[in-house]
Amino acid sequence: MYFKEHPVEFFTATNLNWLPILANEFHKKILIEALQHRVIAKEIIVYAFVIMPNHFHIIWQVQNGVKRNDFQRDFMKFTARSILMFMRMHDDPMLKDLIVKASDRKYQIWERNSLAIPLFTDKVFMQKLDYIHNNPIQPKWQLSKTPEAYLYSSAKFYENGGGENLGILTHFLDG
């Protein structure tokens, strides 16, 4: 695995208090569109992802010349603001659960400390890829019968040999 300036990372972001904010299809689409924008701008390469009802996992690599911490902060801020705007427009009852006592915001979508783990070996990369793809079929979730049947995951992309990349995915063998 070639790492360039930044290593490939397994990144997880969780909704505030594990609320099922991402159960909403439109909120999932906001995440996908934000990733599409960042891929087109050549800020990241996305190798795998899954969007669960209250969190998402992604294997990505921030590109050379992009400051990793700035990228993650801006990505999380943009998606939070976009989701909040959608929730306000639709008088989402979950908004009341997102009110926080913070000096810089009234609402919060994401927990403060996202998890980012550098993936320095192929073995660890494959473990995380399998974890991502199998997450929707776990007994706790039962979001689909098979990993590739779950729409908001890269499992189908890998099952079909690189098809249906949603405008964001690069096969790990091509990265």
Side-chain angles (χ1 to χ4, degrees), residues 6 9-63 66-117 128-129 131-138 140-144 147 149-157 164-170:
H6 302 289
E9 290 182 319
F10 173 78
F11 180 82
T12 299
T14 305
N15 292 136
L16 183 68
N17 299 323
W18 290 87
L19 292 168
I21 297 165
L22 296 173
N24 183 304
E25 298 295 307
F26 291 102
H27 300 169
K28 290 180 186 108
K29 289 178 183 179
I30 287 169
L31 268 183
I32 299 271
E33 289 173 7
L35 289 169
Q36 288 169 337
H37 174 75
R38 299 299 182 130
V39 167
I40 290 167
K42 298 193 183 309
E43 295 176 337
I44 55 167
I45 295 173
V46 176
Y47 296 107
F49 77 97
V50 66
I51 304 173
M52 303 297 289
N54 59 12
H55 67 285
F56 74 93
H57 300 293
I58 190 165
I59 297 176
W60 63 15
Q61 184 174 33
V62 176
Q63 293 300 281
V66 176
K67 293 181 180 173
R68 179 189 160 278
N69 290 341
D70 292 350
F71 168 80
Q72 287 183 359
R73 179 201 63 224
D74 294 348
F75 180 79
M76 300 307 289
K77 183 188 266 187
F78 174 80
T79 56
R81 287 181 176 173
S82 299
I83 290 169
L84 280 170
M85 185 183 318
F86 186 87
M87 292 175 81
R88 284 187 194 115
M89 288 171 32
H90 294 89
D91 295 319
D92 193 310
M94 204 180 302
L95 270 172
K96 68 180 178 354
D97 299 324
L98 300 174
I99 295 172
V100 293
K101 293 177 182 175
S103 60
D104 63 338
R105 72 194 73 201
K106 181 176 179 179
Y107 299 99
Q108 186 169 323
I109 294 291
W110 304 110
E111 287 287 350
R112 286 279 192 184
N113 297 316
S114 301
L115 174 71
I117 300 171
K128 296 301 182 190
L129 185 71
Y131 176 79
I132 284 173
H133 290 164
N134 287 305
N135 209 340
I137 64 169
Q138 296 306 307
K140 175 182 180 177
W141 300 110
Q142 298 181 8
L143 298 173
S144 68
Y150 185 61
L151 182 61
Y152 294 100
S153 165
S154 53
K156 190 172 187 177
F157 171 77
E164 299 187 41
N165 75 357
L166 301 173
I168 61 172
L169 292 166
T170 297

Stepwise side-chain contact (heavy atoms from CB on, under 4.5 Å) test for M87 and M85: CA-CA 5 Å; M87 292 175 81; M85 185 183 318; over 6 Å; no
Closest approach of [X] to [Y] (non-hydrogen atoms, all atoms of both residues):
| X | Y | answer |
| --- | --- | --- |
| G167 | Q36 | O-CG, 4.0 Å |
| Q61 | Q63 | O-NE2, 3.2 Å |
| P136 | V50 | CG-CG2, 3.6 Å |
| N134 | P147 | OD1-CG, 3.4 Å |
| A34 | T79 | CB-CG2, 3.7 Å |

Gap between atom [atom2] of [Y] and atom [atom1] of [X] - 0.5 Å precision:
| X | Y | atom1 | atom2 | answer |
| --- | --- | --- | --- | --- |
| E43 | D70 | CD | CG | 10.5 Å |
| F26 | D92 | CZ | CG | 12.0 Å |
| N135 | L143 | CG | CG | 8.0 Å |
| M89 | L84 | CE | CG | 12.5 Å |
| I59 | T170 | CD1 | OG1 | 12.5 Å |
| I44 | H6 | CD1 | NE2 | 12.0 Å |

Donor-acceptor check, side chain of [X] to backbone of [Y], threshold 3.5 angstrom: yes or no?
| X | Y | value |
| --- | --- | --- |
| S153 | Y150 | no |
| E111 | A13 | no |
| K28 | I51 | no |
| Q142 | K140 | no |

Worked verdict on M94 versus I21 for side-chain contact (heavy atoms from CB on, under 4.5 Å): CA-CA 8 Å; M94 204 180 302; I21 297 165; 3.6 Å; yes
Ion pair check, D74 and K77, cut-off under 4.0 Å: no
Quick check on the 6.0 Å ring-centre criterion: do [X] and [Y] meet it?
| X | Y | result |
| --- | --- | --- |
| F10 | H57 | yes |
| W110 | H27 | no |
| F71 | W60 | yes |

Are any of the side-chain heavy atoms of [X] and [Y] separated by less than 4.5 Å?
| X | Y | value |
| --- | --- | --- |
| H55 | N15 | no |
| L22 | N54 | no |
| F86 | N24 | yes |
| F78 | R73 | no |
| F49 | I132 | no |
| F56 | L31 | yes |
| L166 | F157 | no |
| E9 | Q72 | yes |

Positive for side chain to side chain contact (heavy atoms under 4.5 Å, CB included) with T14, one of T12, L16, N17: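 Of T12, L16, N17, side chain to side chain contact (heavy atoms under 4.5 Å, CB included) with T14 is met by T12 alone.
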From CA spacing to verdict: side-chain contact (heavy atoms from CB on, under 4.5 Å), V66, K42: CA-CA 9 Å; V66 176; K42 298 193 183 309; over 6 Å; no
Side chain to side chain donor-acceptor pair (under 3.5 Å) between S154 and H133, intermediate numbers included: CA-CA 7 Å; S154 53; H133 290 164; 2.7 Å; yes
R88, CZ: over 12 other non-hydrogen atoms inside 6.0 angstrom: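 Enclosed: over 12 neighbouring heavy atoms sit under 6.0 Å from CZ of R88.
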Worked verdict on F11 versus K128 for side-chain contact (heavy atoms from CB on, under 4.5 Å): CA-CA 10 Å; F11 180 82; K128 296 301 182 190; over 6 Å; no
